[in-house]
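The next block holds one structure in the form of structure tokens; read it before the comments.
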Amino acid sequence: ISRLGADLKHGRQSAIFTPNSQMLLAASKDRVLCKLLNSSELNIPDGVGVRLAARLRGVLLESMSGIDIAEELLSVAASKGYRVFFLGAKRGVAEKAAENMRVRYPTLQICGMHHGYFDKNGEENASVLKKIRAAAPDLIRYNDHIRVLQKQSFGKILCIAIFFYN
């Protein structure tokens with residue numbers, strides 16, 4: 001968390017992914033997804049399946065979920081005055097998540113929200129990216145499909161806490 005906080009402070013863009021066993025299997029067959037996961041500054045294993053597979057290979061992984069990291073980053077954002085954009089999930093979910101985080105972190109600066117049900121390849125995608133850029137977030141709390149943002153040129157940290165790969 002301290003390294004990610006430093007990235008925010010110094011304006012370094014970072015991508016944080018939380019691959020689960022389904023995503024890792026998909027990445028073994030999908031070069032674009034594999035490249036995207038490997039491009040991140042931090043991959044947090046999501047789920048017991050990933051931890052078990054690592055243990056079978058002799059690697060012990062710390063038990064911290066993407067949600068835990070997202071919560072910590074939101075706490076840092078609230079204390080430092082960083083701007084957060086909530087993106088993804090069904091209509092109303094980003095708004096509800098933002099509302100819940102405002103209660104938990106009253107000083108949290110939420111600069112925007114948008115649902116995740118939009119065309120990820122066309123004009124609608126361009127419109128959402130424009131909305132995000134205009135909001136000038138320091139951190140994006142993202143629950144949705146992995147390919148949408150990749151590493152776009154906005155925000156200092158792209159925090160992706162929950163993925164649905166398709």
Side-chain angles (χ1 to χ4, degrees), residues 1-5 7-8 12-77 82 84-101 104-105 108 110 112-121 124-125 128-129 132 137-152 154-166:
I1 293 297
S2 61
R3 192 193 116 223
L4 297 173
D7 284 351
L8 269 171
R12 290 186 296 259
Q13 186 182 46
S14 300
I16 304 165
F17 298 139
T18 59
N20 60 23
S21 54
Q22 179 186 4
M23 285 177 55
L24 294 177
L25 180 61
S28 73
K29 300 172 186 172
D30 181 336
R31 295 177 89 174
V32 173
L33 176 60
C34 183
K35 185 177 178 181
L36 179 62
L37 290 173
N38 286 330
S39 75
S40 73
E41 284 69 32
L42 181 62
N43 280 301
I44 301 165
D46 186 23
V48 75
V50 176
R51 287 185 185 86
L52 179 60
R55 186 177 303 150
L56 291 173
R57 291 180 164 248
V59 177
L60 294 177
L61 299 175
E62 187 177 334
S63 184
M64 178 172 257
S65 69
I67 297 296
D68 294 335
I69 291 286
E71 289 278 327
E72 290 287 329
L73 284 174
L74 289 172
S75 175
V76 169
Y82 298 135
V84 180
F85 193 101
F86 285 77
L87 176 66
K90 291 191 265 185
R91 290 182 191 274
V93 174
E95 290 82 358
K96 185 66 176 169
E99 180 183 312
N100 289 341
M101 292 303 108
R104 188 171 293 157
Y105 307 108
L108 187 64
I110 298 172
M113 298 161 248
H114 197 279
H115 64 83
Y117 285 77
F118 57 92
D119 179 6
K120 310 299 193 278
N121 299 307
E124 195 175 8
N125 188 63
V128 171
L129 293 176
I132 295 169
D138 297 304
L139 188 144
I140 300 170
R141 173 65 169 89
Y142 181 58
N143 288 338
D144 211 330
H145 303 281
I146 188 171
R147 294 177 189 267
V148 176
L149 297 176
Q150 296 187 0
K151 286 177 99 173
Q152 297 290 331
F154 51 77
K156 297 173 188 169
I157 282 198
L158 169 60
C159 177
I160 303 180
I162 300 175
F163 285 136
F164 301 100
Y165 174 76
N166 70 348

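Worth knowing before you read on, the calculation uses all heavy atoms, side chains too, and leaves out hydrogens, waters and symmetry mates.
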Revision key, fill the gap. Shortest non-hydrogen pair, Val50 vs Pro45, comes out as CG1-CB, 3.4 Å
Exercise for review: Mind checking the CG-CG spacing from Leu73 to Leu139? Nearest 0.5 Å is all I need.
Suggested key: 5.5 Å
Practice item. Could you tell me which non-hydrogen atom of Cys34 sits nearest to which non-hydrogen atom of Ala27, and how far apart they are? Key: CB-O, 3.4 Å
Check your understanding: With sequence neighbours left out, what residues match Glu95 under side-chain contact (heavy atoms from CB on, under 4.5 Å)?
Key -> Met113
Review point. If you take all heavy atoms of Leu36 and Phe17, which pair is closest and at what distance?
Key: O-CE1, 3.1 Å
Check your understanding: Looking at CG of Leu37 and CG of Asp30, how far apart are the two atoms once the value is rounded to the nearest 0.5 Å?
Key -> 9.0 Å
Point to revise | Straight-line distance of Leu129 CG to Phe118 CZ, nearest 0.5 Å | key: 7.0 Å
Exercise for review: Quick one: pull up CZ in Arg51 and CG in Asp46 and give me the separation to the nearest 0.5 Å.
Suggested key: 7.0 Å
Check your understanding: From Ile110 CD1 over to Leu74 CG, what is the distance, rounded to the nearest 0.5 angstrom?
Key -> 8.5 Å
Study note, to complete from the structure: Sequence neighbours excluded, the answer for side-chain contact (heavy atoms from CB on, under 4.5 Å) partners of Arg104 is Glu71, Met101
Check your understanding: Do Lys96 and Val93 come within less than 4.5 Å of each other through their side chains, counting heavy atoms only?
Key -> no
Point to revise | Nearest heavy atoms of Gly88 and Ala94, plus distance in Å | key: O-CB, 3.9 Å
**Study point:** Distance, nearest 0.5 Å, that separates CG of Asn20 from CG of Leu25
**Key:** 10.0 Å
Practice item. Check the angle between the aromatic planes of Tyr117 and His115 and answer parallel, tilted or perpendicular using the 30° and 60° thresholds. Key: tilted
Check your understanding: Sub-3.5 Å donor-acceptor pair from the side chain of Glu124 to the main-chain atoms of Asp119, do we have one?
Key -> yes
Review point. With sequence neighbours excluded, what pairs up with Arg31 under the side-chain hydrogen bond (donor to acceptor under 3.5 Å, both in side chains) test?
Key: none
